[in-house]
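Just so it is clear, the structure is predicted and the values come from calculations on it, not from any experiment. By convention here, the first residue in the shown sequence is residue 1.
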Amino acid sequence: MPDVSPTKWHRAHVTWFFETFLLEGNEPGFAPFQDRYWFLFNSYYESLGPRFSRPDRGLVTRPGAHDVGLYRGNVDNRVRDLVATLDEGSLEKLTATIELGFHHEQQHQELLLMDIKHVLSRNPLEPVYAGRPHEHCEPDPMGWLEVEGGLVEVGHEGDGFSFDNELPRHREWLEPYRLADRLVTNAEWLEFIADGGYRRPELWLSDGLARVRAEGWHAPLYWVEHDGVWLEHTLHGTLPVNPGLPVAHVSFYEAEAYATWAGKRLPTEGEWEHAVVVDGQADAAHSGGNLADLEHYHPGPAGPAVDGHRLRQVYGDCWEWTSSAYHPYPGFHPPAGAIGEYNGKFMSNQMVLRGGCALTPPAHARLTYRNFFPHGARWALSGVRLADGGAPPAPAERPEAVA
C-alpha cells in the first residue's frame with residue numbers, strides 16, 4: 001500500500017534525521033555513515049536532494065534490519081559524543097533541532113504501529129502483534145457539552161515544545177455550538193451501515209462518493225463480514241466488532257457522511273480546542289487517556305467522565321476528524337532552510353485531526369497538536385466526534401458552564 005513503510009525504514013529515517021540535521025555541519029570531520037542511505041531514507045526534503053519513491057520502500061530488501069540497527073547505533077553514539085563536547089552556547093543553538101528530532105521520532109513510533117497493523121491485516125494467518133483486547137461492552141448514551149463560543153484564542157502558547165504549524169496563537173470567532181461528550185461507537189456505525197449509509201449519494205461529498213464506488217468501501221477499513229458477523233482486524237488479532245468501542249480507521253469522507261446521516265456535523269479544529277479548554281482539560285498530561293503507554297493499542301470504551309469534566313476520550317483512542325482544512329494559521333511562516341519543509345509544504349489537500357490515538361506516545365499528546373491526513377486516508381487510527389450548533393441555555397440553568 002503506497003502510504004505504508006517498512007518498520008526498518010521508519011527506524012532508518014529517524015536516524016537519518018539526526019545525521020542530516022544535527023551531525024552534518026556540527027560534527028568535526030563529518031562523513032555520512034553510508035552515502036546511499038541519504039537517498040534511501042530521505043522522506044520528502046526536496047532541498048536536500050533526490051530520494052527513493054515512497055510507494056516502493058517495501059521493495060528495498062537491503063539494507064536489512066540488522067544493518068539498519070548498526071546505522072542507528074552509530075548515529076546515536078555520534079550524537080552523544082557531539083552533545084558531550086559542545087559548549088553551552090553551541091548546545092543552546094542546537095537544542096531546538098535535537099528536541100524536534102525527539103518529537104519526530106515519536107511521530108514515527110506511532111506511524112510504524114499503524115503500518116505494522118496494515119501489513120499484518122493482509123496476512124491470511126491473521127497474526128497477533130501486540131496489545132490487550134478490551135472486554136465486550138455496549139455504548140452508553142451520547143451526551144453533549146454546550147459551549148457559548150465568542151472570540152477565543154487558538155494555538156500554542158507558553159513553554160514546552162510545539163511544531164511550527166501550531167503557531168502563532170491567534171483569535172477566532174465561534175458561534176455557540178455543542179460537542180459530543182464521546183466518540184461515535186461501532187454500534188452506531190453498524191446502524192449507519194444497516195441504513196444503507198455507504199449506498200446513499202445524498203450523504204456524501206462528490207469526491208467521497210467517487211472513492212466509495214472506486215474502492216468498494218462498505219465498512220471501516222479493517223472490518224469484514226463473515227457469516228453475518230462483523231469482524232475487525234486489530235494489532236491483537238481479528239475479533240468480533242465490539243459494539244461499545246469507538247469506530248476506527250474511517251476516512252474524512254466517511255466521518256462527514258456519518259455526521260450528515262446523524263443530523264450533525266464535524267467540529268472545526270477551533271471548536272474542538274476551545275471546548276477542551278472550557279471543559280478544563282487543556283493539559284493533556286493531567287487528563288489521562290488511552291494512549292500507547294497503556295499498551296492496548298486499540299480504542300477503548302468511553303467510560304465515565306472524571307474529575308468533574310464533561311468530555312470523554314479527549315486524548316487517545318482515535319484521532320478525531322475535524323471539518324477544518326489543514327491551512328496555515330494567520331501569520332504562520334515556516335522556518336528557513338530544509339527544516340521548513342517539515343509541515344508547511346503539506347498545507348494543501350489535507351484535513352486536520354485532533355486529540356491523539358491509542359498508538360500515540362503520551363508525551364506526544366497535547367491540546368494544540370494538529371495532525372493532518374488526506375480526505376481519503378483510512379489506515380491512520382482515526383475516528384469521529386460529532387458537533388452541532390445551538391445556543392446553550394441561560395447560565396442560571398447551566399452552572400457548570402464556562403465561557
Side-chain angles (χ1 to χ4, degrees), residues 1-86 90 93-120 122-123 129 163-164 334-346 361 372-374 377 379-380:
M1 200 268 281
D3 290 328
V4 167
S5 300
T7 297
K8 70 175 183 181
W9 187 91
H10 285 286
R11 297 184 68 230
H13 169 68
V14 296
T15 303
W16 170 91
F17 187 94
F18 278 103
E19 185 179 39
T20 302
F21 290 107
L22 186 64
L23 294 181
E24 186 188 29
N26 296 291
E27 181 186 44
F30 170 82
F33 178 81
Q34 217 279 6
D35 289 341
R36 294 184 180 180
Y37 284 10
W38 279 45
F39 170 70
L40 287 176
F41 303 127
N42 178 1
S43 55
Y44 50 72
Y45 294 90
E46 299 277 0
S47 60
L48 295 178
R51 65 209 188 286
F52 190 73
S53 168
R54 176 176 179 172
D56 293 330
R57 289 172 186 168
L59 303 177
V60 181
T61 58
R62 298 292 184 272
H66 175 74
D67 289 331
V68 168
L70 295 177
Y71 175 42
R72 184 173 176 84
N74 175 272
V75 171
D76 280 352
N77 289 334
R78 290 161 62 193
V79 168
R80 292 190 189 97
D81 291 343
L82 174 65
V83 170
T85 59
L86 291 175
S90 300
K93 291 179 181 178
L94 295 178
T95 294
T97 301
I98 296 170
E99 190 172 30
L100 177 61
F102 292 157
H103 286 266
H104 171 251
E105 183 152 334
Q106 288 182 330
Q107 286 181 316
H108 281 271
Q109 289 169 357
E110 175 179 302
L111 287 170
L112 71 85
L113 286 171
M114 293 180 186
D115 289 359
I116 288 170
K117 184 174 186 177
H118 187 274
V119 170
L120 295 184
R122 307 304 299 272
N123 189 323
Y129 180 74
F163 289 113
D164 58 3
I339 209 74
E341 297 186 58
Y342 196 97
N343 282 312
K345 66 188 289 181
F346 297 108
F372 54 92
F373 284 103
W379 106 102

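- Proximity of a side-chain donor or acceptor of Lys117 to a complementary backbone N or O of Tyr129 within less than 3.5 Å is not detected.
- At least one donor-acceptor pair closer than 3.5 Å links the side chain of Asn77 to the backbone N or O of Gly73.
- A distance below 6.0 Å separates the ring centres of Trp16 and Tyr45.
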Determine whether Gln107 and Phe163 satisfy the following criterion, side-chain contact (heavy atoms from CB on, under 4.5 Å), listing intermediate values before the conclusion. CA-CA 12 Å; Gln107 286 181 316; Phe163 289 113; 3.7 Å; yes
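- For the atom pair CZ (Arg11) and NE2 (His108), the distance works out to 13.5 Å, reported to the nearest 0.5 Å.
- Listed by chain and number, the residues in a ring pair (Phe, Tyr, Trp, His ring centres under 6.0 Å) with Phe346 are Tyr44 (sequence neighbours excluded).
- For the residue pair Glu19 / Tyr71, a side-chain donor-acceptor distance below 3.5 Å is found, with atom types taken as modelled.
- Between the side chain of Asp115 and the backbone N or O of Val4 there is no donor-acceptor pair closer than 3.5 Å.
- The salt bridge (charged side-chain N to carboxylate O under 4.0 Å, His left out) search around Lys345 returns Glu341, not counting sequence neighbours.
- Contact between Pro335 and Asp164 at its shortest, heavy atoms only, is CD-OD2, 3.2 Å.
- For the pair Val83 and Ile98, the minimum side-chain heavy-atom distance is below 4.5 Å.
- The minimum heavy-atom distance linking Gly101 with Phe17 is given by the pair CA-CE2, 3.6 Å.
- The shortest non-hydrogen separation linking Val68 to Lys8 is CG1-O, 3.6 Å.
- A donor-acceptor contact shorter than 3.5 Å links the side chain of Trp9 to the backbone of Leu40.
- Between Phe41 and Pro63 the shortest heavy-atom distance is CZ-CG, 3.9 Å.
- Of all non-hydrogen atoms in Pro6 and Gly58, the two that sit nearest each other are CG-CA, 3.7 Å.
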